[in-house]
Structure formats: structure tokens, C-alpha cells
Protein chains: 2
Amino acid sequence: MPPNSLDPTISQSLTRDRAENRDVLTRLRTDIVSSEFAPEARLKFAEMTKRYDVGVGTLREALSQLSSEGFVTVEAGKGFRVAPVSAEELLEITDHFINFEKRAVREAIEHGGEDWETNIVAVHHRLSLIEGLPWERRMERHSEWVERHREFHEALVSACQGQWLFRLRSIMFDQLDRYRFVTKRTPEGMGGRKFEEHRDIMTATLARDADLASSLIEQHIRDTSERAIKLL
Amino acid sequence: MPPNSLDPTISQSLTRDRAENRDVLTRLRTDIVSSEFAPEARLKFAEMTKRYDVGVGTLREALSQLSSEGFVTVEAGKGFRVAPVSAEELLEITDHFINFEKRAVREAIEHGGEDWETNIVAVHHRLSLIEGLPWERRMERHSEWVERHREFHEALVSACQGQWLFRLRSIMFDQLDRYRFVTKRTPEGMGGRKFEEHRDIMTATLARDADLASSLIEQHIRDTSERAIKLL
DNA sequence: CTGACCACAACTTTCGAAATTATAGGTGTA
DNA sequence: TACACCTATAATTTCGAAAGTTGTGGTCAG
């Protein structure tokens, strides 16, 4: 039942509906990543159940899941809070993620087949459609960019053999997303060389040049994190 | 209301009650780690609520938490299952854990103070009390050994600076525990050189010899995993 | 004026029933 | 006989209310 095409405000309703239909877990994580809730803010059940229109049980399940992902903290009897942020944590997360991502892309280059290659090209294209846009239009579709950016990096390493390597990498990536958000409103952060960097990473990966791809990815991630630290 | 002292079967009721009083999450994890539920077995709510005497909501929260820890899998509408096991996964988990643990112990050696040292000695002593026992008595207290063993390795790295390093290390340790369980009933696995190995690791760590401690830990973990693989 | 104690309010946590969704078995038709 | 559909059953998933806890403000004794 997708009557989106009948809605007069098409472009808005498309993104809006997609956001609304996702489950509470995803919506809550998105709201925390995008600083909708400030770090260390209390997450009260009364407000949350109204905001997301779900029962307390469902909400509790989502919150406890987010706590094991590291996005919220929980203290017995005191409820849930948004996890704090710090420059030290960002530095550590960055190091772990780079470490994982480099190993993962190496494995993917070694084992990836035609489907893997094709998917990278496809996903990169969708990312470049947004990154090629002028500054203002990119800002409007920032949440879409976040999603495409995630898909692109995930596609790069999706052929890696280690299930846990992929899993650990993804945990760190989600955490990085939270810090990446602070660079949103700066032209350098949200634009700059991103377009070329992603293109170069893709080229090196498809050329099966693991050393080059690794080093490009490391620079790419470290640059972004260093910009974020200055803005924290 | 702990009328344990009135119970005639004291030693049994003490350990039993301690197990019963822990929350559902811990009990369920213990039951999965100790192969109480076979890998890939379905975890039905009807049976679970009776077994642990909790409501479906509480159970659901525990299960979804365990799914993000990797102990159970969940498919929307199909319920929860115990996560599968494989030799490949054990090898990967072992590599990740050794990697984390070596870095963590290095950091701990660098930053650890007197409290850290004292705690290691104390926790190692409690571990050695069990490991010094003859074979049959050790078997009886296997679940206690698991707990002490966890505490010992945790104490070694508890002074490491990286919060996420510690966290990631702990996730891998819990996963290893599940595989370690298969070596339970073999004399070599559950005894052998464990006593001396743990003592040597402690000595090297307290002597602040990071290189030696790292290499001893790597051997220690890898030996155990290789034994487990043969029995899988 | 200070400190402790008590009662009230707000919030978290848990439970069991109701609604929804998947599964298996059986019936009818080609 | 094979295939599809429909029904009954069994499971998951969600919700709202009740029970339990923690925090707070006020009162009374010292």
C-alpha cells in the first residue's frame, strides 16, 4: 500500500514516509546520530512513546539494543541516557575503524567477484549523484547522503570473509557517523574533496590495488575525523 | 528474603540461588554459552517464560540484547534462534581476541597503577584456588572456574585506556567462552598447563614486560582454541 | 538554622492479555 | 497425483495498565 504517488508533495512525502515507516530502533538511532537528542540527555518513556507512537515495551527493547551498540547508557532504576561524546573517544573510534576497514577492504579485494564489483559501481553512482550537487542542494538531502555514504563504504568491504570483521567494522562506522554529523554545516566537511576521494577509493579498489585503497581510505577517514575534532 | 541458611542442601542451594537471582539476560547467556541450548535451536517464548519465570516483554528484551552480542539470531516474524557455531568462526574470533588482548595488556602495563597490580594478584589467587584442585573437584566447580577465568583476564587489561578496546575485547572474550566450553570434559583442556600459564602471564605483566606478556597470552589463547577446534 | 525522616510525585520496570503474523494440514480442482 | 488455496493452530509481536523504585519537597525535632 504505497500511495505516495498520489500525494501532492511528492518529494517530501517520499523521504518522510520512508523515515516514518522504519522501525523505532532505526529512527531512534538516527535521531541520536543526528543530535536530535543531545549527549547525556535523559530519554523518558512518557515523551518517547508519544514521539514514536509505540508502547513502552517496544521502546524499551530498542533502547536496550542501542545500549549494547554504545549509543545510549543505562543505569538500573534510573532509565536511559544518550551516551556522552568526547574528542578522546572519537580518536579511538577512528583508529579502530581504520584498522578494521583496511583489513576488510584487503580481504574484499582478494575474494570479491563480479557482483561485488558491480554493486560498488552502482552504489558509488548513487552517492556521486548527491555529492555532485551544489552546496545548498546537498544540505537539503544530508540524511540521504549519510545513507548513501554508508552504503558505499559497506559495498567496498561487503566481500570480506570475516563475518566478525565486518560486524565490528560496522559498529565503529555507526559510531563515527555520530561524530561526522558535527561537520554537517561546514562547507569543507560536507563537500570539499569528498567527491574525488570516493572516486579514487573506488578506482583503486576495483583495480585490486589493496595498498593504495587502504592508504586512501585511511587518509579519507582521518581527515574527516580531524575536522570533526576541531568543531567539537 | 534469603532463607538459604535454613536449606539442608547448603552447598547446592548457595550456587543454585546465586544463579537463579541473576537477571534473565545473564542466565540466558550462561545457558547458551554452556550449550544448555544447542546451536540453531529455536528459543520459544512459551517455554522460556516458564523456565525463567518472567514475562514475554522482559524475555524479549534479553533476547534482542543477546542478538546484538552475537549469541542469538533473530528473523522478523520467525522468532529467535541460538547462533550457529563453526570452526571458521572460532578461528576468526580467536584472531580478533588475541589482537585486542595484546594491545590492551600493553596499554594496561603502561598505565596501570597499584590498584591494578593488587587486583591482578587477588583475582589470580582466587583462580589458582580452583586450578590447584585435583581433576574431579575442578569439574564440579567448572562454572565457577569460568567466572574466575574471566575475572583474571579482565583484571590484566582493566587499566587499558581505550574504552572501546576494552569493550570490543570483552565481546570477543564472551564469544570465546562459548567455544571454550567444548573442551570442558577433556583433562588436557580443563587442566594441563593452565595453572602455570596463568601464573607466568601474571608474573610477566606485573614485571611490566609487555612483549613477554603479549606472547604468553597469544600462546595461551591459541592453544586453547586449537584444542577446541579438534573437538568441534 | 540544620539535619533527618516521611510522604508524595514521577518515572521505570514488569506483566499478561489481545492483536497480528507465520505454519501446517486438509480439501477441492485440474 | 500434483498444485493451489483455505482454514485452524501456534507462534511472535505489541500494547496499556499495575507494581515497584527512585527522587523530591516539606515538616518536625534537635
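Values below: every heavy atom of this structure, side chains too, minus hydrogens, waters and symmetry copies. Lettering of chains follows the sequences in order, A, B, ..., and the numbering in each one begins at 1.
- For the salt bridge (charged side-chain N to carboxylate O under 4.0 Å, His left out) condition, the pairs that include at least one residue of residues 69-82 of chain B, sequence neighbours left out, are B:R29-B:E69, B:E75-B:K78.
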Show the atom names and distances, to 0.1 Å, of all donor-acceptor pairs under 3.5 Å that link a side chain in residues 56-64 of chain A to residues at least two apart or in another chain.
unit_1, atom_1, unit_2, atom_2, d
A:R60, NE, B:E61, OE1, 2.6
A:E61, OE1, B:R60, NE, 2.6
A:S64, OG, A:R60, O, 3.4
A:S64, OG, A:E61, O, 3.1

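- You'll find the ring centres of A:H220 and A:H153 inside the 6.0 Å limit.
- Residues A:K230 and A:E226 are not paired through a salt bridge, judged by the lack of any N-O separation under 4.0 Å between the basic side chain and the carboxylate.
- Between the side chains of A:E92 and A:H96, at least one donor N or O sits under 3.5 Å from an acceptor N or O.
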Under 3.5 Å, which donor-acceptor pairs do the side chains of residues 154-167 of chain B form with other protein atoms, sequence neighbours left out?
unit_1, atom_1, unit_2, atom_2, d
B:S158, OG, B:A155, O, 3.0
B:W164, NE1, A:E89, OE2, 2.8
B:R167, NH2, A:S67, O, 3.0

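- The footprint of chain B on DNA chain C, defined by a heavy-atom cutoff below 4.0 Å, extends from C:dT14 to C:dT23.
- Of the candidates B:V82, B:D174, B:L28, B:D31, B:D174 is the only one forming a side-chain contact (heavy atoms from CB on, under 4.5 Å) with B:F71.
- One finds no salt bridge joining B:R138 and B:E131 here, because no Lys/Arg side-chain nitrogen approaches an Asp/Glu carboxylate oxygen to under 4.0 Å.
- Between the CZ atom of B:F80 and the P atom of D:dT12 there is a distance of 9 Å, given to the nearest Å.
- A close approach under 4.0 Å does occur between a side-chain nitrogen or oxygen of A:K78 and OP1 or OP2 of D:dG23.
- Near DNA chain C, meaning a heavy atom under 4.0 Å from it, residues 56-65 of chain B has B:V56, B:T58 in order of number.
- Counting only distance, with no hydrogens or angles, the side chain of A:H111 and the backbone of A:E107 share a donor-acceptor pair below 3.5 Å.
- Between B:F152 and B:H124, the ring planes lie tilted relative to each other; the angle falls in the 30° to 60° range.
- Residues of residues 36-43 of chain A that place a heavy atom closer than 4.0 Å to DNA chain C, in numerical order, are A:R42, A:L43.
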